[in-house]
Structures are given as structure tokens and as C-alpha cells.
Amino acid sequence: MQLLVFIIAYPFLWIISILPFRIFYWLSDGVYFLVYYISGYRKKVVRANLALALPHLSDKERIVIEKKSYHHLCDMFMEMIKTMTISSEEMNKRFVITNIDLLKDYEQKERSIMLLASHYASWEWLLALNQKIGYQGVGVYKKLSNKYFDKLIRDIRSKYNTELVTTSKTIPYIAHNQKEGILSIYGLASDQSPKAGRIFHWKSFMGVEVPAHTGPEMLAKRYDLNVIFAKVKKLKRGYYEATLVPISDDPRSVLDFGITDAFIQEVEKQIHEAPEYYFWTHKRWKHRR
């Protein structure tokens, strides 16, 4: 059944990926109408999250943000499909890294990097930075249940010198690279809520006390990785800009949870600047004090 679903879906995905951008975004508008007005996908979750995180806004103001966030959500997932066939030249034009020299400096110092990102703007197209550096790009991800779509995702991302590693294999993978002296940049989007049995630290996020993922900090300290935050902005439809923000060059000297707290603060800054580009459909505040 998994193979049948893949065989049926793949041609449609490929056709979508080769559409000119104008038609491509018209199609995204249609998807937005279906997702927001017809299916109402996770609309209750989104409204509850917005009320918790942005209580100072009126209901009317939050509805405006809600609609914009769904529109962006549809654009972003359509852009994931576009990644199947988009050229490197087009990608570099649409996703710009403002200070890529920072990574080149770390590379000269032979230091591997923990690159933290949030589910904001376009974390998928952030993979484009691997075209500009000599690091082995590594994306930590949750494996898809359909093995054929899982392979498709891995194939798409491998275009940009990126290897996907499941969460369960992350530690041995990093340990191997460190032992062999393979300079790597490990990308994690860790602003989601951790599982109840893996809560080690609570932190105020958008004014609400919630548990925070501490895994990236633990890995950075164990393997002495430089820690950087990728601050991504959406300039206009289909165009993004990322600035790399150093969090720590010496993670082992930082007090416990200091790196985690600094990351969360950077995510908050992004959201306050333009909340419509955050991934509000996640149940980020399901565990809270």
C-alpha cells in the first residue's frame, strides 16, 4: 500500500515542482483555501496557541495573523515540493545567507557546528547554505512512516550535500564524525515540545512556562561544537534571508541550560518581529506550568 500511494502521488509532486513560480503560487493559494476554509486543519490548536502567546492582541488582530500563518504554511510546504527540481542558481537567488563568512571562519579553525533553527519562515531551504561551505551537512529529522516518501525526502536534501540522520542515530553519528575528524554542521529545529519523559528544563517561552529541548545543548557540550542560531526572515513570497547568530564558541564553559535559554530567546525575537511566519499548528504549549 505504501508503494501504491507513492506511485500515485509522485507524478503529481514532480509536475507541481516544475511549474513556473507564478502558477506555482496560484496553486498554493488554492491549497490555502482548502486547508483553512474547508478542512480547518488544526484551527483550534492555532487559535489556542495565538491566545497564549499573544494575549495583548485583540481577537481580530490574532485572526489576521492566523490567516497569514496558514497562507505561509501552505507556501512553505509547496516550496518543499519545489525543492525536487529547483536549480542551485534559483535557490541561491531566493534564499540568501547574509554572513556566510562566519561559517568559513569556523571551518578554518576546524570546528564543527551545531546549527539551531526554529519552525519559522523556511527552515527547509536553509539547506541551501551547504552549497557554500566545505562542511558535511547533517540534518536531524524524524523518519517518515512511508519508507518511499522517506527516501524521496533524503534524496531531495542530498542535493545540497546534506545527509539526514534520525534522532535515534544522532549521537553515534556525531561521535563517529568527531573521531574521524570530519568537519560537520548539524542542523536541528528544536523549538517543539519534548516528550513528557524527557523534560529536564523549564523556560518561559512567549510568556508561558514550558519544557525545552536540551538535547542540542547536551550534544554541543559533549562534543565541543560551536553553537549558532539561524535567524531566517521572509522578505516576500518565495524569498528568504538568513543571518547566522553565534550563541557560543565555548559551550562547555556555559552554565547548564544557558545555551538552551539563549536559543529560545532568539526564537522569541523572530516571532515578535513577524508572528505570521511561525509554525502555530504545533502543540508547543501542550505541557505548561
Side-chain angles (χ1 to χ4, degrees), residues 76 95 97-100 102-103 105-107 111-130 132-133 135-142 157 160 162-167 170-171 173-174 177-178 183-194 198-206 210-234 240-273 277-279 282 284:
M76 200 205 68
F95 197 102
I97 314 293
T98 64
N99 58 339
I100 195 69
L102 177 66
L103 296 184
D105 289 342
Y106 287 138
E107 194 171 1
R111 296 287 304 278
S112 289
I113 295 170
M114 176 69 69
L115 182 68
L116 300 179
S118 64
H119 291 87
Y120 183 93
S122 178
W123 60 92
E124 285 290 333
W125 279 7
L126 186 60
L127 296 170
L129 69 83
N130 290 323
K132 307 174 188 298
I133 56 178
Y135 282 96
Q136 170 60 58
V138 182
V140 179
Y141 86 117
K142 184 176 181 180
R157 292 173 177 175
Y160 302 107
T162 300
E163 184 169 349
L164 295 191
V165 178
T166 59
T167 52
T170 302
I171 292 178
Y173 187 93
I174 296 177
N177 282 3
Q178 291 292 96
L183 287 180
S184 303
I185 181 164
Y186 304 98
L188 293 91
S190 55
D191 55 323
Q192 296 181 1
S193 181
R198 298 180 181 178
I199 296 174
F200 303 103
H201 178 56
W202 292 78
K203 168 69 177 173
S204 176
F205 178 53
M206 299 300 291
V210 293
H213 269 291
T214 56
E217 177 173 338
M218 177 273 290
L219 292 172
K221 289 187 174 185
R222 178 182 294 186
Y223 298 107
D224 196 25
L225 307 173
N226 285 339
V227 184
I228 295 176
F229 175 70
K231 181 179 181 180
V232 183
K233 289 184 177 181
K234 185 171 186 177
Y240 303 87
E241 178 183 274
T243 300
L244 306 174
V245 180
I247 290 181
S248 177
D249 293 342
D250 185 13
R252 291 172 176 169
S253 69
V254 180
L255 294 176
D256 286 347
F257 309 123
I259 291 173
T260 301
D261 290 350
F263 163 67
I264 291 175
Q265 289 168 5
E266 291 294 339
V267 178
E268 284 184 324
K269 291 177 186 177
Q270 279 187 312
I271 295 173
H272 283 303
E273 287 179 9
Y277 301 136
Y278 191 59
F279 209 46
H282 277 173
R284 182 62 187 88

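Counting from 1, the numbers follow the sequence of the chain as shown. Note that the coordinates shown come from a computational prediction; the quantities given were computed from them, not determined experimentally. Reckoned from all heavy atoms, side chains included, excluding hydrogens, waters and symmetry mates.
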Q. Which pair of heavy atoms, one from P216 and one from S190, lies closest together, and at what distance?
A. CG-OG, 3.6 Å
Q) So do E163 and Y173 actually touch side chain to side chain, heavy atoms under 4.5 Å? A) yes
**Q.** pair Q270-K233: side-chain heavy atoms closer than 4.5 Å
**A.** no
Q.
I'd like to check W125 versus M76 (side-chain heavy atoms, cut-off strictly below 4.5 Å). Are they in contact?
A. no
Q: Find the distance between OG1 (T162) and CG (N130) and round it off to the nearest 0.5 Å.
A: 3.5 Å
Q) From D261 CG over to I264 CD1, what is the distance, rounded to the nearest 0.5 angstrom? A) 6.0 Å
(Q) Let me confirm one number: the CG-CG distance from D249 to N226, rounded to the nearest 0.5 Å. (A) 5.0 Å
(Q) Are I259 and P251 packed together at the side-chain level, in the sense that at least one heavy-atom pair is separated by less than 4.5 angstrom? (A) yes
Q | Shortest non-hydrogen contact from L126 toward A230 | A | CD2-CB, 3.7 Å
Q.
To check you understand the geometry: which heavy-atom pair defines the closest contact between A212 and R284, and what is its length?
A. CA-NH2, 4.2 Å
Q: Kindly indicate, with the supporting measurements, whether the criterion side chain to side chain contact (heavy atoms under 4.5 Å, CB included) is fulfilled by R222 and I171.
A: CA-CA 10 Å; R222 178 182 294 186; I171 292 178; 3.5 Å; yes
(Q) I need the minimum non-hydrogen distance between V138 and S184, along with the two atoms involved. (A) CG2-CB, 4.4 Å
Q) Are the side chains of T214 and F257 in touch, meaning some heavy atoms are under 4.5 Å apart? A) yes
(Q) Tell me whether K203 is salt-bridged to E268, with the criterion being a basic N under 4.0 Å from an acidic carboxylate O. (A) no
Q | Test item: L129 and F95 side chains (from C-beta on) under 4.5 Å apart, heavy atoms | A | no
Q: Take the angle between the ring planes of Y120 and Y278 and call it parallel below 30°, perpendicular above 60°, tilted in between.
A: tilted
Q.
Rounded at 0.5 Å granularity, tell me how far CZ in R252 sits from CG in D250.
A. 8.5 Å
Q) Looking only at heavy atoms, what is the nearest atom pair of I271 and F205, with distance? A) CD1-CZ, 3.7 Å
Q. Just by distance, do the side chain of R111 and the backbone of L225 share a donor-acceptor pair under 3.5 Å?
A. no
Q) Any donor and acceptor pair, going by atom type alone, linking the side chain of Y186 with main-chain N or O of V140 inside 3.5 Å? A) no
Q. Are K221 and D256 ion-paired here, with the side-chain N under 4.0 Å from a carboxylate O?
A. yes
Q. Would a distance-only check, ignoring hydrogens and angles, find a side-chain to backbone donor-acceptor pair under 3.5 Å from E266 to F229?
A. no
Q.
Checking T98 against T243: is there a side-chain donor and acceptor pair closer than 3.5 Å?
A. yes
(Q) Working to the nearest 0.5 angstrom, can you tell me the gap between Q192 CD and F279 CZ? (A) 8.0 Å
Q: Check step by step if side chain to side chain contact (heavy atoms under 4.5 Å, CB included) holds for Y223 and S112.
A: CA-CA 9 Å; Y223 298 107; S112 289; over 6 Å; no
Q. Tell me, do L115 and L103 make a side-chain contact under 4.5 Å, heavy atoms counted?
A. no
Q: Check whether any side-chain heavy atom of I185 lies under 4.5 Å from a side-chain heavy atom of Y106, and answer yes or no.
A: no
Q.
With rounding to the nearest 0.5 angstrom, report the OG1 to NZ distance, T166 to K142.
A. 12.0 Å
